[in-house]
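Just below is one structure, and these are the notes that go with it.
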Amino acid sequence: MASTGGQQANEEDKLILSLCKDKGWAAPYLYLFEDFWRPSTHIQGVNNFQKYFQAKDDDVIVASFPKSATTSLSPIHMLASEYSRWCIQIRRASYLLLPNNPT
């Protein structure tokens, strides 16, 4: 009897073999999966995310490539997650969000 991990790997192999492929620039091959060209290593991550992630109404997903302005994304994440708490204060103190650079 095959293990669950082996079964999953077999299903992923079958999926990858069924996809269109072309020579890649960063990986040996890219596969056309859900209208995007991806390396085979990304397909497993996308499948796992779609199978096991259970979204909630208040979830926010912030994704970026490593070293691509992740420092800038941190305040955006904080604003998004704390919006309801700070919304009233921002309306009262609109000077916090300056329309122009200070002189």
Side-chain angles (χ1 to χ4, degrees):
M1 182 173 192
S3 67
T4 306
Q7 224 173 8
Q8 183 178 359
N10 192 22
E11 289 174 11
E12 289 169 4
D13 290 341
K14 285 181 182 178
L15 172 65
I16 289 173
L17 289 173
S18 71
L19 299 173
C20 294
K21 78 176 182 179
D22 202 353
K23 186 175 169 119
W25 54 90
Y29 293 102
L30 295 176
Y31 298 89
L32 185 60
F33 179 67
E34 296 185 352
D35 296 326
F36 290 97
W37 289 97
R38 310 167 192 254
S40 61
T41 54
H42 291 189
I43 295 171
Q44 179 184 5
V46 170
N47 269 342
N48 287 337
F49 184 82
Q50 290 174 345
K51 283 181 188 176
Y52 303 114
F53 179 74
Q54 297 293 317
K56 297 178 183 162
D57 290 339
D58 59 348
D59 282 347
V60 175
I61 299 173
V62 179
S64 72
F65 289 105
K67 302 279 186 185
S68 62
T70 51
T71 303
S72 302
L73 288 175
S74 295
I76 293 170
H77 174 261
M78 189 274 302
L79 285 172
S81 62
E82 299 292 327
Y83 178 75
S84 61
R85 190 172 79 159
W86 293 101
C87 187
I88 295 169
Q89 292 179 7
I90 288 174
R91 282 190 206 137
R92 289 183 190 154
S94 61
Y95 65 87
L96 292 175
L97 302 173
L98 299 174
N100 300 318
N101 288 332
T103 55

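Index from 1, following the sequence. This structure is a prediction, so every number in the text was calculated from the model and none was measured.
Residue L32 belongs to a hydrophobic cluster whose other members are W25, L30, W37, with links defined by side-chain heavy atoms closer than 4.5 Å. Summarising the hydrophobic clusters (Ile, Leu, Val, Met, Phe, Trp, Tyr; side-chain heavy atoms under 4.5 Å, direct or chained), the residues clustered with Y29 are L15, I16, L19, Y31, F33, I43, V46.
For A26, the side chain to side chain contact (heavy atoms under 4.5 Å, CB included) criterion is met by no residue, not counting sequence neighbours. For K23, there are no side chain to side chain contact (heavy atoms under 4.5 Å, CB included) partners, not counting sequence neighbours.
Sorted by first and then second residue, the pairs that involve residues 39-53 and meet side chain to side chain donor-acceptor pair (under 3.5 Å), not counting sequence neighbours, are Q8-N48, E34-Q50.
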